[in-house]
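Naming convention: chains lettered A, B, ... in sequence-line order (proteins, then strands); numbering from 1 in each chain.
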Amino acid sequence: MLELMTAESNFDVESTAPPTKEELLGRVAQGDQAAFGDLYDQVAPRVLGLVKRLLVDHAQSEEVTQEIFLEIWQTATRYEAGRGGASTWIMTMAHRRAVDRIRSSQAGRDRDTKIGIRDLAVAYDHVAETVEVRIEHERVEKAMSRLTQLQRQAVSLAYYGGYSHSEVADMLHIPLGTVKTRLRDGLIRLRDELGVTS
Amino acid sequence: MNKDTSTGHPEELGGAYALNALSQDDIALYEQYLDQSEQARIEAEELSDTAVALGLATIPVQPSAALKASLMDLIKTTPQLAPLGGPAQAAHQAPQPTDAPAPVTPLTLVPANPATPDAPRSRREARTESSTTATPTEPATPGPIEASAGEPDAGLLAERRPASTGTGAQAAPLRSGAEARAQARWFQRPARLLVAASAAVALFVGGTVIGGALNDNQFVEQQAASLAQINAAPDSQRASTTTGDGQEATLVWSNTLGISAVLVDELPALPSDQDYQLWYINGDGPLSAGTFDSTGEGTVWRVLDGTMHAGDAVGVTVEPNGGSDAPTTDPIVAFQS
């Protein structure tokens with residue numbers, strides 16, 4: 001992947017195709033602020049979408065999104081293209097930081113109050129903004145539908161709710177071991193349905 | 001709730017790990033297991049990718065215009081981490097050209113185990129490691145330099161080449177001493193004039209610190225996240241001064257977050273039996289806030305351990321390797337927050 005990027009930067013400099021996120025991230029790693037701006041434009045709505053899904057509060061979600069992008073700026077030099085796409089790297093970081101925020105502060109408690117008994121199952125009734133997003137929705141929705149109800153509930157609480165496995169166990173009144181099993185079996189099922197391979 | 005996590009096979013933690021649903025203890029447990037099992041590493045990576053698919057299925061939300069404006073402003077004063085592992089090796093194997101001013105290349109992060117970059121413990125870490133293995137194959141292309149030459153402040157841009165293009169750095173145009181100095185003083189300059197590459201940053205960590213529960217990558221990641229938090233905080237403040245030997249030093253902090261970081265320019269390297277040590281100094285006396293080391297080049301920075309309280313002074317002393325319980329020397333620099 002790195003060689004591929006190098007080749008592109010050598011030979012496709014004049015290309016009119018917009019740079020990929022991976023190329024932009026490579027430039028960010030070299031201190032290119034304009035590339036950072038372009039990368040931001042491409043991925044910020046998805047980052048904020050995910051963070052807000054977890055944190056609910058908009059202002060707080062923007063704050064965490066800002067931290068995530070500062071971290072992208074600081075650590076772009078560590079991104080290794082051969083190990084996965086830029087979106088994967090960024091969204092993994094985004095989820096971790098949103099969860100960190102929930103765990104680290106009053107934020108979590110505020111959020112719980114705000115969510116109340118909100119249904120944490122994935123909502124698919126929104127109009128997706130782009131075809132790409134809608135396709136991804138449908139793909140994930142379909143894959144989620146293959147899980148058992150109990151697996152789906154546990155995975156949703158953990159990923160979209162940002163709850164720890166012990167919190168999930170408390171909420172569902174089930175043993176921690178059962179939660180672990182549901183999370184792993186559920187994700188493995190999702191992986192297979194989505195055709196994810198490393 | 002975590003007490004029964006030590007029972008059962010660690011492989012069962014794989015799902016919760018990918019979903020960021022584990023406690024720190026469980027993460028350490030699971031990553032230990034990943035160290036031992038290639039199959040587990042593959043599963044961890046696949047499940048992490050699966051989690052990302054869940055993330056990409058959420059509804060995008062447009063951020064406010066203010067967020068981007070604020071970020072574009074912030075990155076001008078936020079240093080970038082040096083790539084992990086690579087530069088140290090490059091520095092040993094290929095000394096810089098003689099006409100290169102000292103801080104011309106990205107500086108080393110002190111990787112604690114630079115010899116094992118090819119055995120990441122997990123995807124979580126692997127994704128944040130540098131691609132040192134790609135270095136030799138990457139041609140020395142001036143592409144990145146050209147790519148940003150059209151930017152408004154191009155004349156002031158001091159391009160930094162990351163370690164992944166370390167071999168190229170030797171062939172690349174070298175900055176003048178003045179540019180290098182300008183780069184080194186990134187944090188003191190008006191934002192508009194700041195170099196694009198910010199600073200070459202060295203984050204040196206005392207062996208005793210990283211020998212603890214955290215592995216190096218986690219430590220670096222947490223340091224980076226904390227520095228990002230400080231910079232992003234609405235009440236972020238900074239104070240600059242010089243060390244006894246005249247190096248530029250800056251303290252950045254946020255009282256609401258209770259965290260702070262010290263950045264020092266071209267802080268001299270210490271003999272291996274000594275470390276720099278950070279201290280909070282207040283009415284209760286000095287309290288250790290961690291140790292670090294420096295290569296002597298570029299900007300070294302370290303987020304302080306523990307909590308900073310409003311009004312605390314922060315000092316740096318030279319101590320025996322591993323640090324002392326109380327300062328044994330006069331501070332080389334001190335800040336009043």
- Is there side-chain contact between B:M72 and A:F36, with at least one heavy-atom pair below 4.5 Å? yes
- Message: Are B:Q229 and A:E71 packed together at the side-chain level, in the sense that at least one heavy-atom pair is separated by less than 4.5 angstrom?
- Response: no
- Item | Per-residue contact mode, A:L190 against chain B (heavy atom under 4.5 angstrom) | both
- Item | Side chain to side chain, A:L48 and B:P60, heavy atoms closer than 4.5 Å | no
- Query: Distance only, no hydrogens: is a donor on one side chain within 3.5 Å (strictly under) of an acceptor on the other, for A:Q74 and B:T78?
  - Reply: no
- If you round to the nearest 0.5 Å, how far is OG1 of B:T58 from CZ of A:R53? 7.5 Å
- Item | Test item: B:Y17 and A:L183 side chains (from C-beta on) under 4.5 Å apart, heavy atoms | no
- Item | Residue pair A:H165 / B:D26, side-chain heavy-atom distance below 4.5 Å | yes
- Message: With heavy-atom distances below 4.5 Å as the criterion, would you say the side chains of B:E46 and A:I188 are in contact?
- Response: no
- Looking only at heavy atoms, which two atoms of B:A53 and A:V140 are closest? And how far apart? O-CG2, 3.5 Å
- Message: Nearest 0.5 angstrom please: B:I75 CD1 to A:Q33 CD, how far?
- Response: 4.5 Å
- Item | Nearest non-hydrogen partners of A:Q66 and B:L74, listed with the distance | NE2-CD1, 3.2 Å
- Query: Mind checking whether B:S23 and A:S166 have side chains closer than 4.5 Å, heavy atoms only?
  - Reply: no
- Query: Rounded to the nearest 0.5 Å, how far does CG of B:L54 lie from CD of A:E136?
  - Reply: 9.0 Å
- Do the side chain of B:Q80 and the main chain of A:V28 share a donor and acceptor less than 3.5 angstrom apart? yes
- Message: Does any backbone or side-chain atom of A:Y40 lie under 4.5 Å from a heavy atom of chain B? Answer side chain, backbone, both or neither.
- Response: side chain
- When every non-hydrogen atom of B:L19 is compared with those of A:H95, the smallest separation belongs to O-CE1, 3.2 Å
- Please test B:S48 against A:T92 for side-chain contact (heavy atoms from CB on, under 4.5 Å), starting from the C-alpha separation and ending with a verdict. CA-CA 8 Å; B:S48 176; A:T92 302; 4.1 Å; yes
- From A:T75 atom OG1 to B:L227 atom CG, the distance as rounded to the nearest 0.5 Å: 11.5 Å
- Message: Please classify the contact between A:R97 and chain B as side chain, backbone, both or neither, with a heavy-atom cut-off of under 4.5 Å.
- Response: side chain
- Item | Pairs of heavy atoms under 4.5 Å with chain B: top-ranked of A:E67, A:E63, A:R139 | A:E67
- Message: A side-chain contact here means heavy atoms from C-beta on lying under 4.5 Å apart; do B:K68 and A:D41 qualify?
- Response: yes
- Query: Between B:A66, B:G14, B:A51, which shows the greatest number of heavy-atom pairs under 4.5 Å with chain A?
  - Reply: B:A51
- Message: Checking B:E12 against A:T181: is there a side-chain donor and acceptor pair closer than 3.5 Å?
- Response: no
- Do A:T77 side-chain atoms and B:L81 backbone N/O form a donor-acceptor pair below 3.5 Å? yes
- Task: Rounded to the nearest 0.5 Å, what's the gap from CG on A:L50 to CD1 on B:I59? Could you check?
- Result: 12.0 Å
- Taking all heavy atoms of A:M91 and all of B:G55, pick out the closest pair and write down the distance. CE-O, 3.5 Å
- Enter the distance from A:T88:OG1 to B:L56:CG here, rounded to the nearest 0.5 Å. 7.0 Å
